Each structure stands twice: as C-alpha cells, then as structure tokens.
Amino acid sequence: MTDRDMETDHLPENTGGAGHGTLTKDAAAENPFQDPGLPAYRPRVTDLDPKAAKRAERQVALLFLVSIVGIIGSMVCYTFVPNDRVHTFTGLGTVNMNNLALGLCLGFAFLAMGGGAIHWARTLMTDVDLVQERHPMKSDAESTAFAVSEFKQGVADSGFTKYPLIRRSLLTAMLLLPLPAVWLLRDLGPLPNDNLRHTLWAPGEKLVNPNTGQPLKASDVPTGTLALANPAALADDPENRIDNLAKAAVLVVRLPQEALKGSEEQKKKQWDWSVDGVMAFSKICTHVGCPVALYEQQTHHMLCPCHQSTFDLSDDGKVIFGPAARSLPQLPITVDADGNLVAVSDFREPVGPSFWERG
Amino acid sequence: MSATHAPVGGASADNGPVKTDPVSTWADERLGIYKGTKNLIRKVFPDHWSFLLGEIALFSFILILLSGVFLTLWFNPSMGEVEYHGSYLPLQGVSMSEAYASTLHISFDVRAGLLMRQVHHWAALIFIMAIMVHMLRIFFTGAFRKPREINWLIGFTLMVLGLLEGFAGYSLPDDLLSGTGLRIASGVILSIPIVGTYVSYFLFGGDFPGHDFIPRLFTIHVLLIPALIVGLVTAHLILVFVQKHTQWAGPGKTNENVVGLPLLPVYTAKAGGFMFVIFGVVFLLAGLVQINPIWAYGPYTPDQISAGSQPDWYIGFLEGSLRMMPNWEWNIWGHTLSFNVLIPSLVVPGILFTGLALWPFFEQWVTGDKREHHLLDRPRNRPTRTGIGVAGITFYGVLWLGGGNDIIATHFHLSVEALTWTFRVLVFLGPVIAFWCTKRIALGLQRRDKDKVLHGRETGIIKVSLGGEFTEVHEPLSAGERYRLTAHEVQKPLELGPATDENGVERPGNRALKLRARASQAMFSDNVETTVEEYKELEAGHGHH
Amino acid sequence: MNTLSARRRHPLAAFVVLFFALAMIGAAYATLGSSTASAAGSSTYTADQIANGQKLFQSSCSSCHNMNGQGVQGSGPSLIGVGAAAVDFQVGTGRMPAQQIGPQAPSKPPVFTQDEIDDMAAYISSLGAGPAVPDPALYAADPNNAASVSNGGVLFRSNCSQCHNVAGAGGALTDGKFAPSLKQTSPQHIYEAMLTGPQNMPIFNDNVMSPQDKKDIIAYLLQTRTGPNPGGLDLGSIGPVSEGLFVWTIVLGLLIVFACWIGAHTTKASRARVAHFEATTGKDATDND
C-alpha cells in the first residue's frame, strides 16, 4: 500500500448504499422506480438494551413526578403567594408573583406530563409500522342498490309523489318556516330615522372644556392651542352621555386669517363660522369614526391615528391623505353675552362615517 | 405484523367467549361499545410532524373553552356605568362600564384571574395561528383533494368562525383599544348600501355604542359560536377518522393503504402528550409574558384614542387594507357609496375567502382528476399551486404589514405616507413576484430531484485518478429513496385533441373547455419528469460511478 | 505562557477585544455623558445672565434664528415671545441646536450646561414676554397618589395619547414627523412641552389645561414608567403587533420543535449498535417482541 492509496471501505459504493427493501435485482432491472415495499423494522436502543429501557422508564417516571410536584405546587402557590405582591426580575420586569408562580407551576406540570407521555411513546411503546387497507369511500354497488330501493320504497309509501297538493303546500310551509326567526328580532333596535344627521349641538349650546368643566372662551384658545369641547347639554342626559359624545365631541383651534386656503367663498365661510379665527371642528373622523385628535399646530393638519386620514384645517378640513373621503365638518360658533363660545346651530352636515342615505 | 382487524365471533383460542370486566359489559349491553370501537382502537395514523398542526388548533381550543368557563364566572357583560374602586389604583374613581370593571377585578382581585385571562388570550392567538398553518399545510400538500373537499370547507368555516370569535372575545372587556375596533366595525357596517344604517341600529340597539352590544357579543362569544365550532370540529375529526389520514408517498406506502402506528397506545400517548405540552406552553406564556394589559388602555369612550392602535394579529389584514385604500366615494342620486370602506372590508376578504374555499373545486376543474387521493404532494411537484399559495400568503402578509404602518414608521423613522404608497404598490406587485420566484424555485427543486435520481447524491468526496482527473463520488440512491422521489404523478397539460375529427365533425367544446385547457397548460407544462428509460440509459452508459 | 496570551491567536480573540473596548466606551459614556439636569425655576434674570445668553445665542443659534432672534425665513422661526420655558425645553432636551434639516428635530444629548441654558433662556425672555421656566413645585408629581394618577390618566387619554400613545411610547405624525416617546423625559421637560407646544405639538396653555392637570398628567406618566407589568414581559408595550409577532415566531417555532420531536425517529439504534447486538446475543434485532 503506497501513500496515495486510501482506505475505500467507507466509500458509499462499498457499503451497499442506504436503505433496505425487498427489491430484487431482477425487479430493479425491470422498473428501477417501483415501490420496494416497507423497509425492514429498525429496532430502538431501548428495544435492544434492557438497561436503556430501564433508564427510559425512570425518565418517564421522573417527568410524571415533576408534573405531580407542579400540580400540588400550583395549589400551594395559589393559597400562599399574595396576589398583591410584585417582584422585579432582570429582563422580565416587575411582575405579579402569584401569576408568575401559578404560571410556572402549571406550565411545567403540564409540560412534564405531556413530555412524559411522549417520551414513553417514543422509547418504550411499540414503534412497529402497521399497515391497514383503505377502501374506496364510494359505497359498493350492492349497498347502493339496496339503499336506493329502500328510499324509493319509503317515498312511494309516503305518497309524496302521488299527492302533489300535499307536496306543494308542505314545500311552501317549509319555505316560510325560517321567516319568523328573523321577523321576531325586529325589536333588536330602533330604526335609524335621521338620528345620524343630528347631534346634541343646537343654537346657543355652550362649548364646555372637558379638562376643566368650564365653558371655553375665545381667549382660552390662542394660535397653536388645541382645546377639546363638548356641548353643555351632555351633562343633562347621563343615561345617553356616551352615545351623545360619540357624535358631539369637538376640537377647537385658532387659525390666523392669512393661513386659510381655498376659494374666497370657502375662506369666507370658514372665517364666518369662527370667532375671530377660533374654529370648532368635529372630532369624529369621516372615515370609520375614530376620534381624529392629532393636531399639528404648524401645518394645521389633523391626523387620525387609526388609518392615517389627514385633514387640512386651513382648507376647510379637506382630506389631503388617507382613506377618508369627506372633509371634517366645521361647527359654526359665535360668542354669547358672557364671552363664552357657543354653537350657532347643529353641524350643517352629518358627522362621522358615511352612510347610504347621507346624500 | 400484528393483527389489525377483529377476529370473527369473539371467540378466543380457548373456544369460549372472551372475559370482559363488569363495567364494560354493562355498557356494552346497552350501547354496543365493543361493536362500535373494535376498528377504532388500533386504527393506524401515519407519523409526520406536519400532521400535528391541526392538533395544535384542537388542543388550544380545548384550553380556550376551559379558561373561558373560568372567566365567565366573574365577568359581567354589562355596559352600565360604574365608578371603579378596586385595587388597581391608577383607575381609582374613573367612570367605566361594568364589563371593564369586572375585567379589572379578574386581573387584580381574583387569584389566578390574570393567569386565566392570559391563558385564554394566548391560546386564542395560537388557535387561529394553528388553523392557518394547518390550512397552509393542507393546501401545499394537496390534502384537500377528493374525498376531502368537504373537510376543507368545514375547516375553512372553522377559520372564519375563529376570526369572528376572536374579535368578539377581545372586544368584551370594553377597553379603549378594543372599543375603537368596535367603532371601526360600526363605521364599516354603516357604509353597507341600503341596509347599513338599519343593521347598525339593530346590532347596537340604537346609536353607537349604546347599551346592548357587549351583552349581545357575550352571548355570541360564549354560546353561539363555540357551539358551532364544537359541532364543526367534531364533524371535522369524524371525517379524518372515516376517510383515514393522508400520508407521504414512500416505500410501502400506497394510495390504497395507511402505514403508521396504532391509536392505542401510541397516538393516545403522543396526541394526549402533545395536548399537555400545548397546555404547558400556554401556561408558561401566561405566567411569563404579558398580553392585552387592558388596565393600561383605560375604559372605552368614543372621544379617546391611542396612537399605534391595532387589532389582534388575525384582524390585521383587514386593518391594513382599510389603511391602504384610496379615498374613493361616490355620491349618486342622493346616496353615498363608500368604496373606501366597502372594498377593503368586504371585497378584499370576500375575494380571499372565496378563493380559498373554492380552490379544491377549481383545481379539480383544471386537472379533470376525479380519483381519490390519499398520498400527499410534495409542494415542489405542484409548482403552480405552490406559487399561487405563496402569492396568496404574500398578499395577506402585505395587508398585515400595512395594518402596522404607523408602528413601522415610528420605529424605523419613516414617513407614514411613503409607507402607505409602498404597500399600495407591493400589494399588487408582491404576489406576482412571489408567484414567479416560487414557481422557479419549485421547478429547480424538481430538476435537483431528477439529478439525484439519475446520478445519485453528491457526497463531497473527491477522487483523484492516476491521470490527475478529479471526480466527485456520487452515492447512488437506494431503491426506497428513488421511489420516494419518483412516486408522484407528473401532471401533464390537458390535451384537447384536434379541432375537428376525421369525419369533419367539430370538437364539442366551448369557452370553458378552452379556458380550462389554457389554465392546465399554464399550470403543468413546465413539470420535470424522470423516466425509467433515462435512468436505464445512464446505468448502461456509466456502469457504476 | 499565561492563559490569555496562549489564546491571543484564537479566532474569537478579536471579538473579545472588541467587546471589551465597546463595553469600556459605553461605560465611560454613561458616566461622563451629561444627564438632563433640572433648572431652578426663575423668572428674574440678572443682566449678566442676559448678556452671557446673548453671546451664546449669537454664536450657536443666530445662523438659523437671526442675530436678534427674529427668525430666518425657511430656517428658524422667530423666538420673540416664545419665553424661557421653550428655551429650557428645546436646548435642555438637545433638540436645539438642530443639526440637520429633517421633518423634525429629534432629542439628542444636550450641548450646553444647565447654567448656559439658563443664560440663553434669560436672553430670549428679554426679547419678549412668554412662558417662564416653571417652578419645580408645578411638576413635582407623585406617582403614588392614586387620585392624581387616575385624573392624569383620564386627561392623558383625552389630550395626549392620540399622538404619544396610551403608554407614552410615541406615535407617527404626517410626513416623517413623530410624537416622541415620553418614557425617559424629565417631569420638567414634560411640563414645559405642554406649556410651550414645541414644533408641531399643540400648546396646552393653563386655561385649557390647568397647572394641577399638568401635574396629574406627569404623575400618570411617572406611574406608567415605574409601575409593574404584572402579567410578565411586556414586549415593548406596543400592543397586539408585538404579541402577534411573538406568537408567529417564538411560540410557533417552539410548538413545531415539539411536533418534530414527537415524529422524529431519533430513538432508532445505529447500524453499529444493531450489529453489536446481533453479534453478542445471536438474536435477530428486527424480531420485535
């Protein structure tokens, strides 16, 4: 043997290739791609070595033991770890100890129980592949024939085909039967009527700042400020407060007259509905109804955080980006005798999301 | 091989009736349990990790049911206003609904309450994720083919029910985040032509938010949809048992048999064990990782909102499509047609879901294949189907990413407008590119398989001949491996035949048939086939490599 | 040879050195880097402060804000009437001096000491009356006062969370602008921001949001910072997005690992083991009992 010669025993062609199978050489020559049949059974370490099997048994039992400890531990922790105790762990934060303890106990209990069962199945239970025959789902001819004839006999016995009057009246009754199930739900809610067109705002309704509970004055809102306003009447109907708020919530900003854009007519309307530049706009986005609220004081843009519809308040609340299709409605306001901001009237168009009858 | 069918007559080797314990005998005399279960006890199931994905869904659902019952014992599904005086101090004295207050009570004042809330919510996220991963597995391996189309439809329905159930579930606590989701849902309903306002007023009992919706959602979430899911899951599993599970092609595994391990004891232990493993993972999550901290969001009120508001992940694709949609709206004859809302919330999922539901029937129409299939496809051997599947995932994924566009913008310092435009383009371009890339990859893998069959596996061992020539040693495949790589049927395009036959009679065809032939041509003409002749030719030529 | 030099040619040696170098730099930065100091609230400034402030202003700020603070079109706005509080906020959070053109000036480590900031604030407030640096009592909020925190929470969710997110994690505005995270901002700077409305943030003057309201908001923010995350790891507090990502990556991966374990054939004995068994016992290994 020279230096160049290598051991070739390990090379694939000398080890007979992988896999077994009962494909004979002749069969292989005939069709090399045919199914060589189920491979021979390969035993596991635990099948060959009783010590390995005993070790696996102990491992499975240990896992079940961990599970027992976890189960009992969970009840102990539930009872004795106070629910108001928190503790800080690096990386985890400041967590509730009762929650942590219960989660760990039950988590490991279940994990160990499952792991034990799986380990048992993998190492000690039979792993010999079994073969079962499939049968076509389609029923055999005899059963089909018998079932069909039984059915035909049954139909004939009923007279269903023989008595058309019965058949038709039954069918009609059956068609009508589901209708009351829908009809009887009428009282689920009132008809919309024109509720969506009206909010709580009315002539003379004061704009009240929810932060302070006080009516807003024009001097409260210098340029650059964002103020919130609700109608004073909101407090008069506590039962429907939230429903009313969902339509009546309003934002108040002050824009200098020079900042307004658009046609002369539009700028005049926007200014006329303001009090010296203090304007009120609906807070409800015209897309699908989230509160708009993100006011950029330098660009006069109002952004809705839900789907990023952007309204330009200096351009009559027009949509400049995003999925909203209609501009943000402006509430016409004026001042009352005490200098409080009050509404001139309700919004001149429905607020919030569009609907079919809107127009 | 052990016997897998019951011997006739119940006679044992002693020639007397088999002894049975008194309890089983009592049951059998009333229910016939031995007759009923004899073929189930040792029923064989094939072994592969991807067959366990459906089980993840099943077992997480069981955990949802159990933890859900716990929660119902304390949850108060009422929208009545109440002032909070529980132990979570940052919300002391704040006005909120009873639903929200009871959720706070569960989270802070009921021991194991927070744990069960988190178990319930983590299990719900895992449930829907598992349904989708399982569905994708079924799709990519062709397990939806005859006789399993009905099971595909049942599974599809379960997915839709899961989405509705999840949405209802996380809306019940009436916190600011989920209440915003309900507001968006009511806005979507309002946009429906003709009936929108009526449906909204009937659902909410009047104006939004009203006082009726949380209690109604509770009934839907706790009674109606779970009942439907339990019924459908039962039907789903019965079909799997009756039709037997599919299996991968391989040595000894044919379309006419099932090869695997018996239900008792192996799958009882493996599936039962997996159930406990899933329980364990979810409980560990519930103890270690916080989810849906409703106390941080505050109670719902329609004039408050948080930046970075998203629904749970499985509704994210709808959120994204709502954000991406251009603001098209028509005002015609005194009525408003809000395409900006209708298209993303009804048309987009409508197309996605209809396509999914009808796929098995579409594929059957194109292939004309009416046989029963119990052997699974390797995805590479069905490149067009795999490509369409990946395109669908890409479409869904872009929509999902779009739902988080403001969070992506904040984290990566990008403009939200630029991101939105990027997603608007990607949602169309992405699936096309994904389809093309996937199909090429699959065809490439088919060629690699062919190489392996004909030339064997590359070992990386280099031999030098005396003349200095370098060759790589190829290890020929075993018969079993050869079979595994060639067992699949290579799909060929539909042949229409000549337009007129020899008597001059026109082929009875129509547009549908021509369309079908074109679809079939597009789907199957690229497939790579390895023939026995090629193999034998090589064997003869090379000798042993 | 000692152990370290014996390993000087180890492939990982370079990474170890790099790691130590980075760690040392990081530690040095953390200790020596300036922290946000709090200014003493003062609306009376000395002539020296004003003069010194003017000098600092002219050397560092006038290129964008003009020599007398009246602003440069397209560059920096006029500072006449913005007040000392605005200066303390902008320079104290390092936003000013702005270093590059962009949609928004981000916060950075401040360039000036607190005394220098006080001087510049003195100068700017001399140009025109504006909000003064707030007295520390105004922003001395108590995160353990339940009434203050809960009122602050209601106010925060009504006025602030639409931009800054309910946990103060920040949010996106239009065209690349953003509302920054409030998780590290000092109470003084939070108060000043509400008072002065920096850049596109609206001004919340004391008429629409009283000083007590502002203090309550600060109490709420301090509580969210220091309060517990009782359910466990909070995944960044950005809600369902991170929860969904977590489930699709970590949890799915873990469950698939278990699924693979269940189906794996790794318990099978190796060929060598089988051969050994058959040789030593003379039994057929494939004969399963």
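Each chain gets a letter, A, B and so on, in the order its sequence line appears, and its residues count up from 1. Keep in mind that what you see is a predicted model, and the values were worked out from it rather than measured.
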Given side chain to side chain contact (heavy atoms under 4.5 Å, CB included), test C:His276 with A:Leu48 step by step and report yes or no. CA-CA 10 Å; C:His276 178 261; A:Leu48 300 179; over 6 Å; no
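- Applying the 6.0 Å contact sphere to NZ of C:Lys183 captures more than 12 heavy atoms from other residues, nucleotides or ligands.
- Neither the backbone nor the side chain of A:Leu100 comes within less than 4.5 Å of any heavy atom in chain C.
- Rounding to the nearest 0.5 Å gives a distance of 11.0 Å between CZ of A:Arg44 and OG1 of C:Thr266.
- The shortest heavy-atom contact between C:Leu233 and A:Gly91 is CD1-O, 2.8 Å.
- For NZ of A:Lys206, the number of neighbouring non-hydrogen atoms (other residues, nucleotides, ligands) closer than 6.0 Å is 12 at most.
- A pairwise comparison of heavy atoms in C:Gly231 and A:Asn99 identifies O-ND2, 3.7 Å as the closest pair.
- Looking at C:Asn229, both its backbone and its side chain come within 4.5 Å of chain A, counting heavy atoms on both sides.
- Heavy-atom distances place the backbone of C:Ala172, and not its side chain, under 4.5 Å from chain A.
- For the atom pair NE2 of A:His119 and CD1 of C:Ile262, the computed distance is 13.5 Å after rounding to the nearest 0.5 Å.
- Counting heavy atoms from C-beta on, the side chains of C:Ile203 and A:Gln297 come closer than 4.5 Å.
- Between chain C and the residues A:Val252, A:Leu303, A:Thr94, A:Asp49, the largest count of heavy-atom pairs under 4.5 Å involves A:Thr94.
- Counting heavy-atom pairs closer than 4.5 Å to chain C, the top residue among A:Asn209, A:Ile118, A:Thr126 is A:Ile118.
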The test is side chain to side chain contact (heavy atoms under 4.5 Å, CB included); show your working for A:Arg42 and C:Val274 and say whether it passes. CA-CA 9 Å; A:Arg42 283 182 58 201; C:Val274 171; over 6 Å; no
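- Here A:Thr225 is the residue among A:Thr225, A:Thr310, A:Val253 with the most heavy-atom pairs under 4.5 Å with chain C.
- A donor-acceptor pair is defined here as one N or O able to donate and one able to accept, closer than 3.5 Å; such a pair exists between the side chain of A:Glu296 and the backbone of C:Thr174.
- Taking 4.5 Å as the limit, some side-chain heavy atom of A:Leu216 sits within range of a side-chain heavy atom of C:Val208.
- In this structure, the separation between OG on C:Ser161 and CG on A:Leu294 is 9.0 Å, given to the nearest 0.5 Å.
- No side-chain heavy atom of A:Ser219 sits under 4.5 Å from any side-chain heavy atom of C:Asn207.
- Residue A:Gly115 comes nearest to C:Trp261 through the heavy atom pair O-CH2, 3.6 Å, listed as atom of the first residue, atom of the second, then distance.
- With contacts defined as side-chain heavy-atom distances shorter than 4.5 Å, the pair A:Leu111/C:Phe258 qualifies.
- With rounding to the nearest 0.5 Å, the separation of NZ in C:Lys177 from CD in A:Gln298 is 8.5 Å.
- Residues A:Thr299 and C:Asn200 have side chains in contact (heavy-atom distance under 4.5 Å, counting atoms from C-beta outward).
- The line from CG of A:Asn211 to NZ of C:Lys214 is 9.5 Å long, rounded to the nearest 0.5 Å.
- Comparing C:Met201, C:Arg273, C:Met209, C:Gln199 by how many heavy-atom pairs each has under 4.5 Å with chain A, the most go to C:Gln199.
- For A:Arg55, the CZ atom counts as loosely surrounded, since its 6.0 Å shell holds 12 or fewer non-hydrogen atoms of other residues, nucleotides or ligands.
- Only the side chain of A:Pro305 comes within contact range of chain C, judged by heavy atoms closer than 4.5 Å.
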Walk me through it: do C:Thr267 and A:Thr46 pass the test side chain to side chain contact (heavy atoms under 4.5 Å, CB included)? CA-CA 8 Å; C:Thr267 49; A:Thr46 43; 5.7 Å; no
